[in-house]
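Structure first, then comments.
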Amino acid sequence: MKKIKADLPFKNANRHRSKVDALKELYSRFHPRDHVLITIDPDPDAIASALALKRLLWHKVQSTTIGMIRPIRRLNNLTMVRVLRLPLVLLNRDKPERYDKVVLVDGQPGHNDFFQRFHYTAVVDHHPITNSFAEGPFLDIRPDYGSTSTIFTEYLKTARIKPSQTIATTLLYGIKTDTRNFERNTIVADIEAFRYLFPLANHNILKKIEISDLSFGDLKFFHKAVERKHIVRDRLFAHLDEVPTADILVVIAEFFLKVHDISWSIISGILEGNLIIVVRSDGSRDAGKIIRRAFGHLGCAGGHQAMARAEIPLANLNQVLEKPTSAAIEVLIRKRLSPFR
Ligand SMILES: [Mn+2]
């Protein structure tokens, strides 16, 4: 995406007006008879921002609908919507409904062709500015902010609205996911918003949302991994044959690393004609280097100190295996990544 210099299209870009003026200006764009649509690409930050805006517009407009441009896939987010009963609807590309005003939060029209269909009354976001905006919409884009949830927490404070437990929980989760628990893109405003929201959120629900990354279907791979595990000194191996996604290998590799005697968790499976090997370790030896030495000549292999992965086309296994049976693959991996080499 091309970056556009902020000074060109951005006369009304907000940074110099006060928080009270920004809120007033935002409100001035709506009429009590309006039916408002908020469009989101539904990640936690976008969902939380939309809920906060819906709350800000409560009693100010006739109705506010939060419309998703795609279904939610991530299990954590599905859990959030289910447990907190969030009022989200899926927009239909072919049957656009009529709304008086449309707002975009946590994104810009150029981020998705679905967004580009709408004529926006307001855009509130924290991504780098990639759009040039024609005259018109209320803009509040703050690329230095870690999350749009932070921006909306400030709006709620300015409006003297204490967020409900549901809204506080989603905003807190939005800040946490977009800053990866303050490990990236964090400024003081994010931490201040977090501190403000912390006592207002439901931490039991937040914890349930954060740990909900498994489906029922995944459980049978846990079962298989436990049954098939081979332990060689402090390394645990499990080969799972065909798997539906590589994510399940990662989740199981991380799970076995919880066992206190295990320093290396090496989980493998077959996906779309490739053998995938996922390593999680305590980082005492360079896992990326070791997996590259073991499998780099057969496919792509590498990673970091404590996380590594190899992807090997099954056809390439002919070079080292007479017949790539499940048992032969399992033994190959165990030999090549054995601590005794
Ligand atoms: Mn965001």
Side-chain angles (χ1 to χ4, degrees), residues 1 3-4 6 10 13-15 19 22 26 37-56 64 66-81 84 86 88 91 102-116 118 120 122-131 133 137-157 163 166-198 201 206 209-210 213:
M1 243 180 281
K3 266 196 187 177
I4 293 165
F10 225 47
N14 172 35
R15 298 318 304 269
K19 285 177 179 169
L26 175 66
L37 173 68
I38 306 170
T39 61
I40 54 167
D41 188 346
D43 73 9
D45 188 30
I47 293 169
S49 300
L51 287 165
L53 178 57
K54 188 178 166 70
R55 176 64 187 86
L56 283 161
T64 312
I66 302 172
M68 306 184 289
I69 59 165
R70 60 169 178 83
I72 295 174
R73 281 184 290 267
R74 266 191 87 95
L75 299 173
N76 311 77
N77 301 347
L78 287 171
T79 302
M80 176 167 76
V81 172
L84 294 174
L86 303 182
L88 311 179
L91 294 173
V102 191
V103 184
L104 177 53
V105 298
D106 195 39
Q108 290 164 45
H111 290 175
N112 192 291
D113 64 332
F114 203 165
F115 286 151
Q116 277 171 357
F118 299 98
Y120 285 105
V123 177
V124 181
D125 186 28
H126 72 123
H127 292 94
I129 297 154
T130 50
N131 258 89
F133 293 92
F138 169 88
L139 297 177
D140 187 353
I141 301 176
R142 309 185 203 176
D144 52 331
Y145 273 54
S147 75
T148 309
S149 296
T150 304
I151 301 174
F152 275 104
T153 303
E154 292 184 358
Y155 274 112
L156 289 168
K157 274 167 101 173
T166 293
I167 293 176
T169 305
T170 57
L171 286 168
L172 203 61
Y173 188 52
I175 296 171
K176 288 186 81 174
T177 53
D178 263 31
T179 64
R180 278 209 201 109
N181 290 316
F182 306 111
E183 284 173 9
R184 58 167 198 187
N185 308 334
T186 309
I187 62 167
V188 175
D190 300 309
I191 295 167
E192 271 174 6
F194 182 86
R195 207 173 55 181
Y196 171 72
L197 295 166
F198 194 87
L206 186 62
I209 294 167
E210 289 186 306
D213 54 8

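Both ligands and their constituent atoms are indexed starting at 1 by order of listing. Values below: every heavy atom of this structure, side chains too, minus hydrogens, waters and symmetry copies.
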Cationic tip of R195 within the cone over F198's six-membered ring, i.e. under 6.0 Å and within 45° of the normal?
no
Protein N/O/S atoms under 2.8 Å from the Mn ion (ligand 1): how many?
4
Keeping the roles fixed (side chain from T186, backbone from R184), state whether a donor-acceptor pair exists under 3.5 Å.
yes
Any donor-acceptor pair under 3.5 Å from E154 side chain to K19 backbone:
no
Using the test ring pair (Phe, Tyr, Trp, His ring centres under 6.0 Å), find all partners of F182 that sit at least two apart in sequence or belong to another chain.
F194
Would you please say whether a donor-acceptor pair under 3.5 Å links the side chains of H111 and D125?
no
Got a donor-acceptor contact below 3.5 angstrom from the D190 side chain to the G146 backbone?
yes
